[in-house]
Amino acid sequence: MLRHSHTRLATTLLSSLSLASLALATPAQADTLNIGVMGELASFDTSQVSGGVWESQILMDVYEGLLKENPEGEVMPGMATDWDISEDGRTYTFHLREGAKWSDGAPVTAEDFVFGWQHLLDPASASKYAYLLYPIKNAEAVNTGDRPLDALGVESLDEGKTLKVTLDAPTPYFLQLLTHYTAYPVPKHAVEKYGKQWVKMDNIVTNGAFTPVEWVSQSRISVEKNGYTDLMVDGAPSPHQSDTTLRWLIDRLRS
């Protein structure tokens, strides 16, 4: 069993591609940062996203997966603090960050990843990028409807503190896949309460640096700092937190 552990987390935990890094890397301030994007986000439900670069930019600021990339493109801890890889390269065990919460204060658990990946692979979701999770055991069969959702090779352990993932075959790039938005968690408790309406502004909860507060179609999306998410430095919340509001301005002429 190979153990991958990162105990000293620097501010580079937030990808240089993430706009959250601009807002959280500076001393506390209350401001609005306007950012232009080339098109409109399809949905805050990652299974419905069409793959535009602007969509990735928005999603990585409101959600956080097991892993993320630093400015050099190296895999770094996200919701997972460390992980084990079996000798045969087919089993990955991720240990989730203690105290991680959704923007409504509910805990982020391994079950949210199990639920999110099943949701993305569900044939009813018709996700354009479901194939990115095909390295996971039975993922393709689940996506085509040949196997039930619970046949997917993912399992929540230790009361939601650990996620076990079994692959069909060794996949050297699997960790890199987990930085993509298709591998983000989905708040199971919110979906169970609101159904498909969970992505509405009055209902949505996120686990990233920011959470959505306004969406005017073909005009703007505004997000505010997620009060339950801290930028971690050396295992502790950074003193450089920010009250910055991000506002994505949609360029209708280019969308």
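Positions are given from 1 along the sequence. Excluded from the calculations below are hydrogen atoms, water molecules and symmetry mates; all remaining heavy atoms, backbone and side chain alike, are included.
Distance OH/Y181 to OG1/T46: 8.5 Å, rounded to 0.5 Å. Between K196 atom NZ and S43 atom OG the span is 11.0 Å, to the nearest 0.5 Å. In this structure, NE2 in H180 is found 10.5 Å from CD in E69, a value given to the nearest 0.5 Å. The NZ atom of K164 sits 6.5 Å away from atom OG1 of T93, with the distance rounded to the nearest 0.5 Å. The CZ atom of R97 sits 3.5 Å away from atom CE of M79, with the distance rounded to the nearest 0.5 Å.
Judged purely by distance below 3.5 Å, without hydrogens or angles, the side chains of N143 and Y134 pair a donor atom with an acceptor atom.
Remark: the backbone N or O of E64 is paired with a side-chain donor or acceptor of N207 at under 3.5 angstrom. Side-chain atoms of W198 do not come within 3.5 Å of backbone N or O of N203 as any donor-acceptor pair. No donor-acceptor distance shorter than 3.5 angstrom exists from the side chain of N138 to the backbone of G153, with no hydrogens or angles considered. At distances below 3.5 Å, at least one donor-acceptor pair connects side-chain atoms of R90 with backbone N or O atoms of L167. Remark: the backbone N or O of A169 is paired with a side-chain donor or acceptor of T171 at under 3.5 angstrom.
Checked against ring pair (Phe, Tyr, Trp, His ring centres under 6.0 Å), Y92 has the following partners two or more places apart in sequence or in another chain: F174. By the side-chain hydrogen bond (donor to acceptor under 3.5 Å, both in side chains) test, D45 pairs with S47, H119, sequence neighbours left out. In terms of the salt bridge (charged side-chain N to carboxylate O under 4.0 Å, His left out) criterion, residue partners of E214 (sequence neighbours excluded) are, by chain and number, R220.
With hydrophobic clusters built from ILVMFWY side chains whose heavy atoms lie under 4.5 angstrom apart, V199 shares a cluster with M201. Connection of Y173 to L178 is established within a shared hydrophobic cluster, with ILVMFWY side chains joined at heavy-atom distances below 4.5 Å, either directly or through further cluster members. Cluster membership for L175 and Y131, using ILVMFWY side-chain heavy atoms within less than 4.5 angstrom, is shared.
Listed here is the closest heavy atom pair of W215 and E40: NE1-OE2, 2.7 Å. Listed here is the closest heavy atom pair of S127 and L120: CB-O, 3.4 Å. Nearest heavy atoms, R147 versus A151: NH2-CB, 3.6 Å. The shortest non-hydrogen separation linking L41 to I221 is CB-CD1, 4.0 Å. Shortest non-hydrogen contact noted between S156 and V114 is N-CG2, 3.9 Å. Here the closest non-hydrogen pair linking V142 and L152 is CG2-N, 4.1 Å.
Among D104, D112, T109, the single residue meeting the side-chain hydrogen bond (donor to acceptor under 3.5 Å, both in side chains) criterion with H189 is D104.
F94 is listed as a side-chain neighbour of V165, based on a closest heavy-atom distance under 4.5 Å. Put simply, the side chain of K161 does not reach to within 4.5 Å of the side chain of L96, judged on heavy atoms. For the pair E55/S50, a side-chain contact is recorded, criterion being any heavy-atom separation below 4.5 Å from C-beta on.
Ring pair Y63/F44 is perpendicular by interplanar angle, where above 60° counts as perpendicular and below 30° as parallel.
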Checking Q197 against D202 for the side-chain contact (heavy atoms from CB on, under 4.5 Å) test, could you report, in this order, the C-alpha distance in whole Å, the side-chain angles of both residues, the deciding distance, and whether it holds? CA-CA 9 Å; Q197 301 303 309; D202 290 340; over 6 Å; no

